[in-house]
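To keep things clear, I will list the structure first and then write my remarks on it.
Quantities reported herein were computed from a predicted structural model and do not represent experimental measurements. Chain identifiers are assigned alphabetically (A, B, ...) following the order of the sequence lines, protein sequences preceding nucleic acid strands; residue numbering begins at 1 within each chain.
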Number of protein chains: 2
Amino acid sequence: MSSDPGDLLPQARIRRAALELFGEQGFHHTTIRQIAGLAGVSPPLVIHHFGSKHQLRQAVDDWIMAFLLSEKGTLLTGSVMPRASSYLTEHPEARLIMQYLITAMREDGTIARQVFDQVCHTTAQVIELGAEQGTIREPADPDATVAVLVAYSLGASMLGGHLARRLGGESLLDAGPMRRYALAAMELFTYGLFTDDSYLRGTRAAFDDTGSEDD
Amino acid sequence: MSSDPGDLLPQARIRRAALELFGEQGFHHTTIRQIAGLAGVSPPLVIHHFGSKHQLRQAVDDWIMAFLLSEKGTLLTGSVMPRASSYLTEHPEARLIMQYLITAMREDGTIARQVFDQVCHTTAQVIELGAEQGTIREPADPDATVAVLVAYSLGASMLGGHLARRLGGESLLDAGPMRRYALAAMELFTYGLFTDDSYLRGTRAAFDDTGSEDD
DNA sequence: GTCTATATAATGATAGAC
DNA sequence: GTCTATCATTATATAGAC
């Protein structure tokens with residue numbers, strides 16, 4: 001990802017092409033012929049180097065996870081935050097990886113679970129640190145809150161096209177939609193949505209009712 | 001959906017089987033042979049009645065949208081709220097439809113846009129009503145806030161498997177995970193996540209900076 | 001390591017009998 | 001309306017030459 005595709009060895013060119021096409025079109029809609037074509041090699045060479053299409057995806061997944069972990073969570077925490085915009089300007093190659101991860105989450109590929117858990121891990125650290133510093137309120141159920149926040153963030157990324165369309169743009173990464181998205185989200189997490197805790201108490205009551213009635 | 005599959009006419013059985021299999025496996029992973037098998041007919045009959053696999057999906061989409069609109073938003077607003085649990089107990093057939101919609105959103109089918117917009121429409125009404133009644137705080141950017149809330153809700157549904165796993169269960173619809181999910185979400189939307197507005201002001205400042213610097 | 005040529009399997013869709 | 005038999009296409013993966 002740090003050099004021109006033409007400078008890479010065939011094996012790396014194939015992996016890079018697979019990363020790009022899997023991310024754009026999804027795993028099942030991408031053919032080995034397309035990958036070979038983009039990498040400038042013959043289809044059988046793809047199989048020769050990686051064994052099968054599935055093993056090729058696994059190789060891409062492994063490569064990406066190694067990249068993500070080496071970044072020490074920089075990309076994972078910032079993936080849907082405002083700073084993502086500036087990060088992507090500085091690291092344009094991260095676009096491909098983000099697109100790959102979003103597509104992989106949609107297709108529920110083998111990397112989806114690793115990514116979800118890894119983002120949870122990183123988010124939990126952010127929450128903990130903020131709680132210590134007093135900038136973040138301590139949740140009643142920290143693990144659940146982290147999981148919900150991650151599901152919200154990744155989910156919004158997966159629905160980025162629809163979200164951007166409602167915000168007057170094409171991609172969530174464009175300046176306009178990203179600004180409206182980030183500000184609306186920050187406002188929600190700063191002031192909340194409800195004016196008092198009646199909804200929360202109502203939800204608690206509803207679950208306590210059904211919880212004792214169902215058994 | 002209101003009778004046993006065996007009582008339906010072949011055409012309806014095919015549509016029902018397609019709804020079930022498309023929802024479970026996705027459109028592209030479902031074969032006409034599978035649909036025909038589940039409906040108890042021969043594969044060519046599927047084509048004979050619906051023209052093609054894509055037209056069959058369109059027929060299922062149309063059928064579902066008609067169902068959703070006839071429900072006057074009951075299912076759409078409640079799809080990820082606590083009351084979904086009780087709703088599903090009363091209307092078990094809604095499970096198939098929810099699963100279909102979630103899969104369709106993941107695959108970005110033609111119905112995805114309609115559903116996203118329809119849920120936005122319904123959510124906007126809920127927000128407006130709450131604002132009038134004083135139970136919901138008036139957002140600075142109502143349209144964006146609605147879109148974000150919908151993306152969060154639908155996104156969490158799409159990632160329901162991962163979310164449930166982190167919450168100690170298999171499905172988000174199970175009592176345990178649903179309870180923890182609903183309470184964590186309600187707490188977020190009641191008290192927010194941050195203890196003050198420094199993150200919000202920081203985000204505003206960051207966008208104002210990049211907004212004037214980039215050009 | 002890399003290619004051309006090909007095997008094999010599965011799919012959506014068609015033809016035509018009943 | 002419904003079936004059996006089949007076509008045409010496309011995909012992954014293999015065989016073997018260079």
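For L45(A) and dT4(C), the CG to C1' distance is 13 Å, given to the nearest whole Å. dT14(C) atom C1' lies 18 Å from atom CZ of F50(B), rounded to whole Å. With rounding to whole Å, I14(B) atom CD1 is found 14 Å from dA13(C) atom P. Remark: C1' of dT11(C) and CD of Q34(B) are 11 Å apart, rounded to the nearest angstrom. Atom P of nucleotide dG1(D) and atom CD of Q11(B) are separated by 7 Å, given to the nearest angstrom.
Applying the side-chain contact (heavy atoms from CB on, under 4.5 Å) test to R57(A) and every residue at least two apart in sequence or in another chain returns F22(A), F27(A), H54(A), D61(A), Y100(A).
In summary, the side chains of H162(A) and D108(B) do present a donor paired with an acceptor at a separation below 3.5 Å, with no hydrogens or angles considered.
Pairing each heavy atom of Y152(B) with each of A156(A), the nearest pair is CE2-CB, 4.0 Å. Looking at every heavy atom in both residues, E107(A) comes nearest to H28(A) through OE2-N, 3.9 Å. For the pair I102(A) and M158(A), the tightest heavy-atom approach, listed with the atom from each and the gap, is CG2-CA, 3.9 Å.
Checking side-chain atoms of R204(A) against main-chain N and O of L183(B) turns up no donor-acceptor pair under 3.5 Å.
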Reading 5' to 3' through nucleotides 4-18 of chain D, protein heavy-atom contacts under 4.0 Å coded B for base, S for sugar-phosphate only, - for none: BB-----BBSB----
